[in-house]
Amino acid sequence: MDIGKISRYRGELMGFAIIIVMLFHVSTPRADAFYGLRRMGNLGVDIFFFLSGIGMWYSWIKKQEWGRFYLNRALRIYPAWLIIAGYFYVSRFNAARPSYALPFGGTGNAAADSYIDLLGDVIFNWDFWLYDELTFWYVPATMMLYIFAPLYMELIRRRPVFRWLVVLPLMWCIVVQYVTPVHQAVGHIEIFWSRVPIFFLGINCAEAVRNKTVYDRQAWWMVALFFLFSLWACVWLEQMRHGRFPLYVERMLYIVLAVTTVLLMSEAFDRLSRLSWKGFTLNRAFAWVGGISLEMYLVHVEYILKPLEKHHLGYWPTFLLTLAVTLPVAWAVSKVCAYIINKVKRREVKRC
């Protein structure tokens, strides 16, 4: 079992993750036999966080430059964010009807408060942090993790024993759920807290991935056991008890399911890489999708899926049409973003 394959097929894994996230976003009736498995599509978010943690370590270990690290992260996210999410918030803005009250009580001027609220949403969707407004939530959550990632990575680089700190966010999830004062203060962003462990676990695992660590092939039996057991438990919970248990409970199972899924899919992509038709491989297609996964995430729900669902075409036609429209739109946005990023990097090189 070659752990290095996770890095080798990182693009393909990201493509796989965004596709199952899109499957999750398409609605199905609660009574549908496919409902529980479809709900499991949000596992793709955990896979993204796990792979992001690995990618952070690769980036940091090459050169520990804080300014360069944050600049690269901002360049990867903000062009696409400002184009897609920025347009979303600005196009729906109405100064006479603010969406939410400001956290500090406001200025006393309704129009001014509206513009302040708009600015907070455009910069980092602060309504997510204040009120659990979930539009594009993955991006501000990722931004927050990027802020603290260098602190953690530098700590474990110097003192590897502190990798055990990953247990702390696991404990925090329980505290947030059941310690009443904490729950009242920050329980509304449970969707963020329950994803912190998998991100830092990705950082912890990254050195083994970078060193291409190989385990005995018998380890696959353990991986298969953990995968099947966690998958069965999650699907049953969603199908039979959805809405009747704290979500963080299932998301603890997601940690096991995400890691084992990544291991199994990296092995699957390794096998698929040997199959081609006139030079085309499925790996190439998944890697291409993975390369525009951020743009796909930002585009597909608000701009494509929701208008399509009004036509009640059924689950699979809606998904396939959403995917077909999302791919070229996300690709076009990625090209615009690449142009902007190259311009910024050239100016940065000239200054240096």
Side-chain angles (χ1 to χ4, degrees), residues 1-25 37 40-59 76-77 80 138 142 195 198-199 201-203 205-215 217 219-220 223-224 226-227 230-231 254-300 319-320 322-324 326-331 333-335 337-338:
M1 187 166 68
D2 182 2
I3 304 299
K5 290 177 182 177
I6 295 175
S7 176
R8 192 183 314 163
Y9 300 111
R10 185 170 181 269
E12 289 91 330
L13 290 166
M14 292 176 69
F16 168 76
I18 190 59
I19 288 173
I20 65 172
V21 166
M22 292 178 66
L23 285 166
F24 164 72
H25 284 148
L37 190 59
M40 289 305 305
N42 67 76
L43 174 72
V45 172
D46 295 73
I47 293 174
F48 272 121
F49 279 127
F50 183 67
L51 295 174
S52 293
I54 293 173
M56 291 300 95
W57 180 257
Y58 270 66
S59 176
R76 175 65 187 103
I77 289 178
Y138 170 81
T142 302
R195 265 47 185 259
I198 191 69
F199 176 79
L201 183 62
I203 294 175
C205 295
E207 189 62 14
V209 176
R210 193 173 74 92
N211 292 330
K212 298 180 174 61
T213 303
V214 177
Y215 295 103
R217 64 185 300 176
W220 281 117
V223 171
F226 283 149
F227 171 79
S230 57
L231 178 63
Y254 279 0
I255 295 171
V256 179
L257 186 56
V259 174
T260 54
T261 299
V262 165
L263 288 168
L264 290 168
M265 289 305 301
S266 62
E267 184 65 24
F269 283 124
D270 187 58
R271 304 289 178 90
L272 287 171
S273 67
R274 303 165 198 169
L275 304 175
S276 64
W277 183 74
K278 295 183 178 180
F280 172 81
T281 64
L282 279 175
N283 284 40
R284 184 177 296 179
F286 274 99
W288 180 78
V289 171
I292 57 173
S293 56
L294 173 63
E295 292 80 5
M296 289 177 67
Y297 169 78
L298 290 169
V299 163
H300 80 276
F319 165 73
L320 292 173
T322 300
L323 181 63
T326 297
L327 288 173
V329 173
W331 174 82
V333 173
S334 73
K335 288 299 181 182
C337 294

> What are the two closest non-hydrogen atoms of Thr260 and Val223, and how far apart are they?
Replying inline: CG2-O, 3.8 Å
> Would you call Phe16 and Thr261 a side-chain contact if the rule is heavy atoms closer than 4.5 Å?
Replying inline: yes
> In terms of ring plane angle, is the pair Tyr138 and Phe48 parallel, tilted or perpendicular, where the classes change at 30° and 60°?
Replying inline: tilted
>> So, taking the atom named CD in Glu295 and the one named NZ in Lys335, what distance separates them when rounded to the nearest 0.5 Å?
In response: 11.0 Å
>> Under the criterion side chain to side chain contact (heavy atoms under 4.5 Å, CB included), I'd like the reasoning laid out for Val45 against Phe24: C-alpha separation, chi angles, the key distance, then a yes or no.
In response: CA-CA 10 Å; Val45 172; Phe24 164 72; over 6 Å; no
>> With side chain to side chain contact (heavy atoms under 4.5 Å, CB included) as the criterion, how do Trp288 and Trp331 come out once you've worked through the C-alpha distance, each side chain's angles and the decisive distance to 0.1 Å?
In response: CA-CA 9 Å; Trp288 180 78; Trp331 174 82; 3.6 Å; yes
> Does the side chain of Tyr9 come within less than 4.5 Å of Met265's, by heavy atoms?
Replying inline: no
> Which heavy-atom pair separates Ile47 from Ala17 by the least distance, and what is that distance?
Replying inline: CG2-CB, 3.9 Å
> What pairs with Tyr254 under side-chain hydrogen bond (donor to acceptor under 3.5 Å, both in side chains), at least two apart in sequence or on another chain?
Replying inline: Asn42
> Hey, what do you get for CD1 (Ile3) to OH (Tyr215), rounding to the nearest 0.5 Å?
Replying inline: 5.5 Å
>> Could you report the tightest heavy-atom contact between Ile292 and Ser334, atom names first, then the distance?
In response: CG2-OG, 3.6 Å
>> Keeping Asn211 on the side-chain end and Thr213 on the backbone end, is there a donor-acceptor pair under 3.5 Å?
In response: no
> Out of curiosity, Ser230 OG to Met40 CE, how far, rounded to the nearest 0.5 Å?
Replying inline: 7.5 Å
> Between atom CD1 of Ile6 and atom CD1 of Ile54, what is the distance when rounded to the nearest 0.5 Å?
Replying inline: 5.0 Å
> Is the number of heavy atoms from other residues, nucleotides or ligands within 6.0 Å of OH (Tyr58) greater than 12?
Replying inline: yes
> Does a side-chain heavy-atom distance below 4.5 Å link Leu272 with Phe269?
Replying inline: yes
> Minimum heavy-atom separation for Ala206 to Trp57, with atom names?
Replying inline: CB-CB, 3.3 Å
> Sequence neighbours excluded, which residues qualify as salt bridge (charged side-chain N to carboxylate O under 4.0 Å, His left out) partners of Asp270?
Replying inline: Lys5, Arg8, Arg274
>> I need the Arg76 CZ to Ser59 OG distance, nearest 0.5 Å.
In response: 13.0 Å
>> Show the nearest heavy-atom pair for residues Arg10 and Gly55, with the distance to one decimal.
In response: NH2-CA, 4.1 Å
> Closest heavy-atom contact between Glu12 and Asn283?
Replying inline: CG-O, 3.3 Å
>> Walk me through whether Leu263 and Trp220 qualify under side chain to side chain contact (heavy atoms under 4.5 Å, CB included).
In response: CA-CA 9 Å; Leu263 288 168; Trp220 281 117; 4.3 Å; yes
> Got Met14 and Ile18 here, is their nearest side-chain heavy-atom distance under 4.5 Å?
Replying inline: no
> With Leu37, which residues qualify under side chain to side chain contact (heavy atoms under 4.5 Å, CB included), at least two apart?
Replying inline: Phe34, Val235
> Can you find a pair of side-chain heavy atoms, one from Phe286 and one from Leu13, that are under 4.5 Å apart?
Replying inline: no
>> Nearest 0.5 Å, please: how far is CG in Leu43 from CD1 in Ile20?
In response: 5.0 Å
